[in-house]
There are 2 protein chains.
Amino acid sequence: MSTVGKAISLLELFSVDEPELGLSDLARRSGFDKATTRRLLVALAGHGFVEQDIGTRHYRLGAGLSRLARIREARFPFLQTAVPLVRDLAASTAETVHLSEFGVDRLVTVHVEHPAWANRVNIDIGQLLPLHSTASGIAYLAFARDETVKACLTGSLDAFTAHTLIEPAAISRCMSEARERGYSICDQGYEEGVISVAAAIRGADGFALGIIAVAAPKARTTAAAITERGLAVREAAREISMRLNGENLQILRRQA
Amino acid sequence: MSTVGKAISLLELFSVDEPELGLSDLARRSGFDKATTRRLLVALAGHGFVEQDIGTRHYRLGAGLSRLARIREARFPFLQTAVPLVRDLAASTAETVHLSEFGVDRLVTVHVEHPAWANRVNIDIGQLLPLHSTASGIAYLAFARDETVKACLTGSLDAFTAHTLIEPAAISRCMSEARERGYSICDQGYEEGVISVAAAIRGADGFALGIIAVAAPKARTTAAAITERGLAVREAAREISMRLNGENLQILRRQA
DNA sequence: AAATAACGTTTCAAATAATGAACCGACCGC
DNA sequence: GCGGTCGGTTCATTATTTGAAACGTTATTT
């Protein structure tokens, strides 16, 4: 692995649940030597990608990341545009709604709204979702470039539950249905007892940029609720796409 | 420079004004060889820190950065908490209001609200501000750790305009005034014709975490307006600090 | 209170990964 | 068709990264 890759994989050890980690801990989890880990952290800290707590000496993600993320967001206001509609959808469905972007080969969860229920589907910001076994993933693939779809369906696919579809043909069928319907459904494909619907947020070129999804405990979800939520999530995705493409038409056209 | 540092300095070439850059361009600006630049970009792309436009082959900042920034923000909801108050302040002052965090040795602008005026102070998200010659910097230093202050005042300080204070003693005086007053004033210390007031957002330990500032063209700014804005920005900073420390008291205490 | 374990940090010879000049094919404007 | 620029690739040379060991400090255990 390249040195840069190592440094980034250190950053990826941080999560919402564990936002601060010590040197030895980072070394242990990354598998790098303590000295190596430290040198990487010092390099990262030199550019504000990590900060070190003065008291505990633990490391945490730094302001430099916020800076770059905001620069990205200024060019392409995905979060800014989508979050209000995610909120609305969370309010109207009273279930967990999450927003994801595509990154490398998975979906990256960038925003989540949780309902007040005690029994709810819990998703953390930053969580990575596989493409083939989540409603979000299927909705993305339904409007993704052929290369992306092919890259996803080649190689063996993990089965997370007994319900996970792992045959390319079955997944393709799901994608077609999602494309026609305007939203995808995934019944316990990633976690037992969770049922989700999702719809793709699309650019001016027609390809998916991100995903909005509603996830709920299957126990309290009727078939009628699924349809209702599906239509709502489809509508929300359409609205977000419209707002994005309306305001930034020229930029998005350039990408096409 | 470490390889990691080189990779990050590539990321830092992107800005709000130039959010997409080609390989040769990046190589030229960074001073690295084209082959080196590309290897670094490939490593970054492998983790979603940059993406490549399929059409133009240009690179842009990637979703992986948004992910990490959101994880950071989940732990320490600086933006989330502060942005509404930045908006309010922008509305009531009708001038540019910006929010910054401390990173490495400078301030990192993470949010900006611009007024409707054509003649206004323009600040981009991601812009880096020096500590010694901006209202924001002085307000930060006024409540920073001694090491930080010392590190800033040692070595030669750049004079950006004829008004820039560069003698440590004069800067210390500014800091003291800011500490007593509750807000700092910087009269054309960074750019000719711009006058700013700023106040520190502080953690439970009393040290500055970030800064909120109002910047305006000096031409239309009266002494009375400065005082009024100073009090408003002080109040906004106090409110943000309170909200941050109220909700996350246990976390912030731990840092103390 | 002493012993011990764990932590962050530094060092330096050995190992490995980064480097860059040259090269390739593709594309663009002339 | 031609010169220029682009993104991308190659490979011997070179410089950077690496990790075991050791140090001083700080918690934890005995």
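Since we're looking at a predicted model, the values are computed, not measured. Residue numbering restarts at 1 for every chain, and letters A, B, ... go by the order of the sequence lines.
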Exercise. Indicate the ring-plane relationship of Y190(A) and F160(A), choosing parallel, tilted or perpendicular according to the 30° and 60° boundaries.
Key: perpendicular

Self-check item: Length of the CZ-P vector between R57(B) and dC27(C), whole Å
Solution: 10 Å

Self-check item: Between OG1 on residue T37(B) and CZ on residue R28(B), distance to nearest 0.5 Å
Solution: 10.5 Å

Self-check item: Upstream residue (5' side of DNA chain C) when G22(A) and K6(A) are each assigned their closest nucleotide
Solution: G22(A)

Quiz item: Under 4.0 Å between a Lys/Arg side-chain N and an Asp/Glu carboxylate O for R57(A) and E20(A)?
Solution: no

Quiz item: When rounded to the nearest 0.5 angstrom, what is the spacing between OG in S133(A) and CD1 in I171(A)?
Solution: 8.0 Å

Quiz item: Does a side-chain heavy-atom distance below 4.5 Å link V108(B) with S66(A)?
Solution: no

Practice problem: Please round to the nearest 0.5 Å and tell me the distance separating atom NE2 of H47(B) and atom CZ of R67(B). | Solution: 11.0 Å

Quiz prompt | For atom CG of L26(A) and atom P of dG8(C), their distance in whole Å | solution = 8 Å

Exercise. May I ask you to list the residues of residues 28-39 of chain B, by number, that have any heavy atom positioned under 4.0 Å from an atom of DNA chain C?
Key: D33(B), A35(B), T36(B), R39(B)

Quiz item: Taking CG from D53(A) and C1' from dG8(C), how many angstroms apart are they, rounded to a whole number?
Solution: 14 Å

Quiz item: Can you find a heavy atom in the side chain of L44(B) that is under 4.5 Å from one in the side chain of L11(B)?
Solution: yes

Practice problem: Under 4.0 Å from any heavy atom of chain B: name the first and the last nucleotide of DNA chain D that qualifies, 5' to 3'. | Solution: dC6(D) to dT17(D)

Quiz item: Separation of L21(A) atom CG from dC7(C) atom P, in whole Å?
Solution: 12 Å

Quiz prompt | Main-chain N/O of P168(A) paired with S172(A) side-chain donor or acceptor, under 3.5 Å | solution = yes

Self-check item: Nearest-angstrom distance from the residue atom CD of Q52(A) to C1' of dT9(C)
Solution: 10 Å

